[in-house]
Structure formats: structure tokens, C-alpha cells
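Input: a single structure, listed below in C-alpha cells.
Residue numbers run from 1 in the order of the sequence given.
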Amino acid sequence: MHHPGPPQFMAVGESVQLAPRNPNPDADYEWHVRSAPVASSLDFEEGTPVVQFTPDAEGSYVLELDAPDGPHTLTVRVFPGSYLPSGSVRSGESGMSGFSGFSGQSGSARPTQFSGGASGSGSGAGEAQRGDGGRPRIRLDATVEDGVVVVRADPQPNPNSDTDRDDLVVEFVVDDRDDVNRSAVETDGWELRIPVSAIGDRLRVHGVALDETYSVPDTVTVERDAITDGGVAEAEHEGEAEHEGATTEGETNDTESTAKSDGSGGQRVSVARPNDPPKWAQEVTLYEIYVRGYTSGVDEKGSSDRQTQSGDVGDDEVENTFEALENRLDYLESLGVDCLWLTPVLQNDHAPHGYNIVDFYSIAEDLGSREDYEQFVEAAHDRGMKVLFDLVLNHSAREHPFFKDAYKNPDSDYYDWYEWQENGEPGTYFDWEYIANFDHRNLDVRRYLLDAVDMWAEIVDGFRCDMAWAVPDTFWQEIRDRVKSKDSDFLLLDETIPYIADFHEGMFDMHFDTTLYFVLRQVGRGDAPAERILDAIDQRAEVGFPDHAAFMLYLENHDETRYIVECGESEALAGAGALFTLPGVPMIYGGQEIGQRGRRDALSWEHARDDIREHYERLIEVRDETPALRYGGSFRRIDYETDSDRAVAFVRDHADGSYLCLLHFGDGSVTVDIGDLDVDATDLVSGDSIAAEGGLRVDDVAICPLV
């Protein structure tokens with residue numbers, strides 16, 4: 001199928017790249033405007049397979065793609081320019097050079113500067129009464145009632161908005177790819193209804209909430225399958241449904257529910273919320289391995305250095321880096337981590353970080369063979385660990401044979417694979433001199449990258465997506481549908497600086513929390529009060545992320561100075577506490593847990609700090625044992641008083657219990673007065689009572705049950 005994908009929601013002033021999916025570069029594709037608002041004069045250049053759609057009027061467009069397997073339609077709902085969300089990825093045209101205004105190296109963080117309001121031009125629209133806040137949010141759910149699919153929206157105003165929730169408007173769009181009798185669809189406010197008999201194998205409904213901007217869309221999927229005894233489905237929602245596996249493009253089974261028969265004849269119906277992150281990913285502790293430093297190297301004889309008790313692997317000879325990494329798995333298992341992100345393992349140029357790739361289909365020879373890599377992944381799986389592949393889709397190395405053939409050679413078959421500046425140099429970001437940006441308008445580029453995605457997705461459990469903002473967002477939508485059609489639990493984690501709320505709809509399951517990272521650095525240096533951490537958590541909703549979005553929390557990575565070096569030892573212990581008490585999925589950069597001070601140096605196992613490692617082990621253990629600290633736990637501010645602005649207090653709530661969390665980014669200890677909050681003063685981290693005159697005394701991190 002060459003369908004261009006799901007319906008698109010955007011505003012006048014935004015732009016989106018549209019392309020056939022699963023393209024055959026030798027085939028002919030052509031776009032047409034099948035219908036458009038009266039005020040639009042938009043059309044496409046003939047014979048162009050990839051187009052940049054920049055709407056010129058508000059309203060609904062139906063675009064048509066002529067492909068070898070027939071015509072395909074795509075609905076695009078365009079709102080007035082006044083609805084343009086601040087920080088929108090499409091207002092900056094994702095995947096086009098110059099989108100990011102930040103300088104520095106990949107992975108460096110800069111503060112987000114969202115205003116929370118709308119900008120742009122155009123007439124007002126909709127029936128919502130305007131407030132002063134930013135993007136609303138929405139969640140869709142579906143049930144089957146008396147043979148009718150009922151999709152209900154739960155819209156929420158932006159936390160900064162004065163708009164009453166009842167005044168929010170919801171718009172639904174049924175996916176163009178699904179076999180549905182659209183005349184049977186009925187909408188009434190926040191509800192869409194359609195008989196099960198009016199849908200084919202699948203129904204996907206997309207929806208947005210409207211206030212003074214439009215929300216990040218959400219999606220719900222309903223599938224019907226023949227069952228032997230008949231029966232009209234009555235959907236269950238306990239999340240215990242049997243998973244049969246996905247078989248078609250874009251199908252996911254996250255948070256699925258399977259209908260049960262009532263014996264009246266019909267089909268089994270399952271409901272899924274594809275934008276919920278995979279369940280396994282909600283609970284893990286991530287661990288980043290910088291592959292050319294983590295094992296302290298392998299000498300010419302193939303033997304590895306012996307470690308201390310923090311990572312002892314013995315004196316056995318190893319043949320390659322993957323075998324050396326495999327020897328560290330017992331240590332990682334004992335630490336408590338259960339998901340490993342390896343920096344790129346593909347054939348690359350001279351740079352040891354591996355992000356300058358010269359062959360997207362081959363494992364780097366200095367690390368080992370593909371068989372060695374797969375053996376490492378299998379060994380990790382045997383210990384219950386997941387493995388993430390670092391996926392680079394924006395650029396190749398300039399040493400890539402295709403680029404070398406194309407450079408200053410317009411007659412090259414690969415010249416159109418790359419972006420070019422007027423001076424003949426390749427397009428790039430940040431003046432990086434060893435990479436060249438791919439041109440994703442070229443179907444050969446897309447085919448090359450999609451085939452690589454298919455290859456590595458078969459082996460690993462997810463992708464950490466490098467420089468995700470530098471790749472067209474619709475290409476990520478295609479990749480997501482592609483990998484999820486084979487494994488609905490496959491994880492997509494985006495590195496986007498600053499983070500982008502729109503990336504949670506149909507693209508990524510989890511996001512680098514770049515805002516929290518930056519704030520934790522400020523707090524650790526003493527440049528901001530610790531309470532700013534709470535503002536960073538609140539900002540997620542303020543910029544439009546839905547409540548079901550998941551975030552990866554980190555203090556450092558291979559691109560950043562070690563937190564303990566920049567901020568101090570006491571601050572590093574408190575920062576570790578933040579990772580395991582704030583809402584999100586914690587990530588440890590290899591060596592962080594032993595007090596490593598070099599950013600990309602070989603790990604100094606012989607100088608490992610056992611006290612720091614034990615601190616991390618205990619934090620991992622407490623989080624694993626405490627549902628309130630994980631994905632399902634909510635976050636609540638409380639009133640507290642303390643003499644130091646380097647301390648902060650908050651509560652995590654869950655049906656299984658609520659917990660007070662205290663952090664102190666400074667030397668010594670401080671007392672925090674939590675007022676009338678009824679708490680058991682026994683700290684889960686230390687096991688000791690932290691009761692003190694005037695409140696609770698905390699050194700770096702403390703977690704106490706509420707009673």
C-alpha cells in the first residue's frame with residue numbers, strides 16, 4: 001500500500017511534507033487537490049511524488065495520491081492561522097535545515113521558551129469561548145454498546161486557560177485508510193457513534209480539542225474479528241485482552257480491550273489506544289551505554305581489563321566489544337536496570353561516537369560482527385532486558401560512499417539524495433563538518449532508510465531516534481506504523497530539543513524531557529531554586545502534551561558534562577533522587593552510577609564509588625516496589641516550608657498508596673515543614689526515621705508513605 005497515512009490536523013501558516021508510503025522509487029506517483037475550501041487556490045506540481053503541503057485557507061482539504069496500486073485520499077483539517085500553536089513543529093517545518101535555532105552538539109539542552117498562547121494570523125473560528133491559556137488536551141476512548149461503537153472524547157483546557165471545559169469544541173476525523181460507511185457516522189459534541197456493521201476490519205478515529213489553539217490529536221482504534229459462536233461485542237476495558245498480533249499497516253494493540261460475546265450474533269471487537277506507550281516501557285529503568293568506552297576497551301590480544309566489584313567480569317579473553325558488553329550484563333542486572341540504549345553500532349567514520357554512518361546495513365567492524373551484536377541482544381533478553389537501537393535518519397557521514405560519489409558531481413546518481421547549499425557544500429546543522437543531510441523528498445532515500453529500519457527492528461525492542469526534529473514528522477508516522485504493525489510493543493523514543501508536544505500523536509511513545517534536564521542543571525548549579533523542578537513537570541501539560549505521554553528523565557548523557565562535575569556530589573545524589581521520584585522513566589548514563597567524571601572516557605571501574613552505586617541500586621529498588629513512583633502514579637504539589645531554596649517537596653499518588661518525596665540539592669541536611677500532611681516519617685530509601693523538630697530532615701532524597 002502506498003497510502004500517505006493518517007489524516008492531518010494543522011493551521012494556516014504551518015507546512016507538512018506528504019509522500020507515498022512504502023515507495024517504489026521507480027514507480028510514478030502524483031498528487032492532486034480533490035477538494036478544498038472555496039478560498040483556496042492551492043495545487044501541486046505535476047508528477048511530484050513528495051510534496052510540501054502549505055494550506056492557504058482554513059477548512060477541510062481532501063488530497064489524492066495516484067499510485068501504482070490505485071488512488072488514495074488524505075483528509076487534512078486546516079484551522080485558521082490564529083489557531084497556530086506556539087512551538088508547533090510544522091510552523092518550523094520538521095526535517096528542513098534551519099528548523100532548530102539552537103547551536104551546539106546533538107543532545108545539548110536549551111531552555112524551552114513557549115509562550116503558551118497562539119500566534120499567527122487569520123479569523124477566529126469554532127464556538128469555543130476564548131481564554132488566555134495555551135493548547136488544550138484531549139483523550140479518546142471507545143466502547144461498543146448494543147452493536148454501536150461509541151467514541152468519547154475527554155477534552156481538558158490548558159492549565160493556564162480561563163476557558164470552561166464545557167465550552168471546548170471537539171472535532172473527529174475518520175481515517176481515510178479504513179473501510180467505513182461514512183454516512184453511518186454520527187457526531188454529537190464530544191461523542192462519535194457508528195454501528196459495528198458499518199465498519200470493515202478496522203476503524204480509526206482521530207480527534208482534536210479546540211480552544212484558542214488546537215490540541216495534539218489523539219487516536220482510538222476499533223477492530224472487529226469473526227468469532228466462532230457469533231455474538232455482538234461488549235467491549236471490556238480491564239486491559240487483560242488476548243493479543244492476537246498485528247497484521248496490517250498502522251495496527252497497534254496498546255492498552256487493548258477485547259469484546260466478549262453476548263450470544264446474539266456478531267463479531268469480537270477489540271479497542272486500542274495506540275498513543276499509549278507500551279506497558280513494558282512505562283516501568284523500566286533505562287541505561288545508556290557509550291559503546292566505545294563502556295567496557296574500557298579491548299586490547300590487541302582480545303582481553304578486557306579486570307573490573308572492581310562494581311563491574312567485575314574476570315580475566316577471560318573476549319574477542320570483541322559486544323562480548324565484553326555481554327560480560328557486563330550480570331552487573332547491569334544486579335544494578336536493577338532493564339532497558340539498554342547503545343550508542344550507534346553501525347559502520348561509521350573516524351568519530352568514536354558512531355553518529356556519522358557510512359553503512360546503514362552493517363555493524364561497525366571495530367565492535368564485532370552482526371552475529372556478535374545479535375548474540376549480545378539475545379543475552380540481554382535472557383536476563384529480561386530490552387535493547388534500544390540508536391536510529392540516525394537525518395544524515396550520513398561525508399565518508400559514506402554515496403555522498404563521496406555525489407560531492408561536487410551533479411551527474412551522480414546520488415546527488416539528489418542530499419541537501420545542498422548554494423556554495424556546493426551539503427546541508428547540515430550546527431556547521432557539523434563530517435555529516436551531510438539527506439533530502440527526504442527523494443524516494444530512493446526513503447526506500448534506503450525504510451529498509452534499514454526493517455532490518456534492525458527485527459532484532460531490537462525499540463529505537464532511540466536521533467535528532468528527531470530534523471526528520472519530516474510524516475516520515476516518523478510511517479516508521480511508527482511500519483514497526484508497530486509487526487510488534488505493537490516496539491518503543492519509539494525521540495531526542496528532540498526542545499521537546500515538541502505534537503510528536504506524541506502517531507510518532508513517538510516517549511520523549512526526552514529536555515526541559516526537566518535543563519532545570520535540574522540550573523538547580524544543581526545553584527542558579528535556580530529547587531521548586532523550579534515542579535514548574536518543569538507542570539510545563540508538559542502547559543505546552544500541550546496529553547496526560548498519557550511518557551517522558552525519559554536524565555541528568556546526563558554522552559553529549560553532556562557529567563552532572564557530578566558541573567554541579568557537585570551532594571547535588572548528584574539529589575539529582576538521582578529526582579530521576580526516580582518525578583513522573584517519567586529514569587535513564588542512567590553508563591558510569592553515572594559509579595561517580596564517573598569523564599564524559600566519553602573509558603569507564604574508570606577501578607575507581608568506582610560503591611556508595612554512589614548503592615544509592616542508585618536502592619532508588620531503583622524503591623521505584624520498582626512503589627507503583628506511585630511509576631507511570632501510573634500522579635503528581636501533586638503540596639504546601640511546605642524550608643529555610644533553603646535548594647529543597648523541594650511533592651507527593652506522588654496511586655490507588656496503592658501515596659508518598660511524600662523530598663529532594664535537597666546541597667551539602668548537609670535541611671528540615672522541611674510539611675504542615676498538616678499526615679506522613680510516616682520512615683524513609684523508604686534509608687530505612688531510617690527522618691522525623692525532626694519542625695518537620696522532616698533530608699540529606700539528598702527521602703520518600704515517606706502518607707498515612
*asked:* According to side-chain contact (heavy atoms from CB on, under 4.5 Å), who are the partners of Glu378, at least two apart in sequence or on a separate chain?
replied: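 Here the qualifying residues are Asp382.
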
*Give the C-alpha distance, both sets of side-chain angles, the deciding distance and a yes or no for salt bridge (Lys or Arg N to Asp or Glu O under 4.0 Å) between Lys386 and Asp338.*
CA-CA 6 Å; Lys386 304 289 188 179; Asp338 36 24; over 6 Å; no

*Quick check: does any side chain N or O of Asp683 sit under 3.5 Å from a backbone N or O of Ile703, one acting as donor and the other as acceptor?*
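Side chain of Asp683 to backbone of Ile703, a donor-acceptor pair under 3.5 Å: yes, one is there.
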
_Tell me if a side-chain donor or acceptor on Gln596 pairs with a main-chain N or O of Ser604 at a distance below 3.5 Å._
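Judged by distance alone, yes, a pair lies under 3.5 Å.
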
Which of parallel (below 30°), tilted (30 to 60°) and perpendicular (above 60°) describes [X] and [Y]?
{"X": "Phe508", "Y": "Phe503", "answer": "tilted"}
{"X": "Tyr355", "Y": "His353", "answer": "tilted"}
{"X": "Trp605", "Y": "Tyr294", "answer": "perpendicular"}

*Which atoms form the tightest heavy-atom contact between His400 and Ile357, and what is the distance?*
CD2-O, 3.7 Å

*If you look at every heavy atom in Thr514 and Tyr554, which pair is closest and at what distance?*
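Shortest heavy-atom contact: CG2-OH, 3.6 Å.
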
*Go through the side-chain N and O atoms of Gln539 and Thr515 and say whether any donor and acceptor fall under 3.5 Å apart.*
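There is such a pair (donor and acceptor under 3.5 Å, judged by atom type) between the side chains of Gln539 and Thr515.
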
*Would you please say whether a donor-acceptor pair under 3.5 Å links the side chains of Asp390 and Trp341?*
yes

Qualifying salt bridge (charged side-chain N to carboxylate O under 4.0 Å, His left out) pairs with a residue from [range], counting only residues at least two apart or across chains:
{"range": "residues 347-363", "result": "none"}
{"range": "residues 564-590", "result": "Arg521-Glu566, Arg525-Glu566, Glu569-Arg609, Glu571-Arg646"}
{"range": "residues 619-630", "result": "Glu283-Arg630, Arg618-Glu621"}

Donor-acceptor pairs are to be reported for all side-chain atoms of residues 657-667 against protein atoms at under 3.5 Å, with residues two or more places apart or in another chain.
{"residue": "Ser658", "atom": "OG", "partner": "Asp653", "partner atom": "OD1", "Å": "2.5"}
{"residue": "His664", "atom": "ND1", "partner": "Asp699", "partner atom": "O", "Å": "2.9"}
{"residue": "Asp667", "atom": "OD1", "partner": "Ser570", "partner atom": "OG", "Å": "2.7"}

Ring-ring centroid check [X] [Y], cutoff 6.0 Å:
{"X": "Trp280", "Y": "Phe490", "value": "no"}
{"X": "Phe360", "Y": "Tyr448", "value": "yes"}
{"X": "Phe545", "Y": "Tyr499", "value": "yes"}

*Output the distance between atom CD1 (Ile497) and atom CG (Asp494), rounded to the nearest 0.5 Å.*
10.0 Å

*Distance from Leu706 atom CG to Arg652 atom CZ, nearest 0.5 Å?*
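The distance works out to 12.5 Å.
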
Can you give each donor-acceptor pair under 3.5 Å made by side-chain atoms of residues 583-593, sequence neighbours left out, with the distance rounded to 0.1 Å?
{"residue": "Tyr589", "atom": "OH", "partner": "Arg599", "partner atom": "O", "Å": "2.8"}
{"residue": "Gln592", "atom": "OE1", "partner": "Tyr589", "partner atom": "N", "Å": "3.0"}
{"residue": "Gln592", "atom": "NE2", "partner": "Tyr616", "partner atom": "OH", "Å": "2.8"}
{"residue": "Glu593", "atom": "OE1", "partner": "Tyr287", "partner atom": "OH", "Å": "3.3"}
{"residue": "Glu593", "atom": "OE1", "partner": "Gly591", "partner atom": "N", "Å": "3.1"}
{"residue": "Glu593", "atom": "OE2", "partner": "Tyr287", "partner atom": "OH", "Å": "2.7"}
{"residue": "Glu593", "atom": "OE2", "partner": "Tyr331", "partner atom": "OH", "Å": "2.6"}

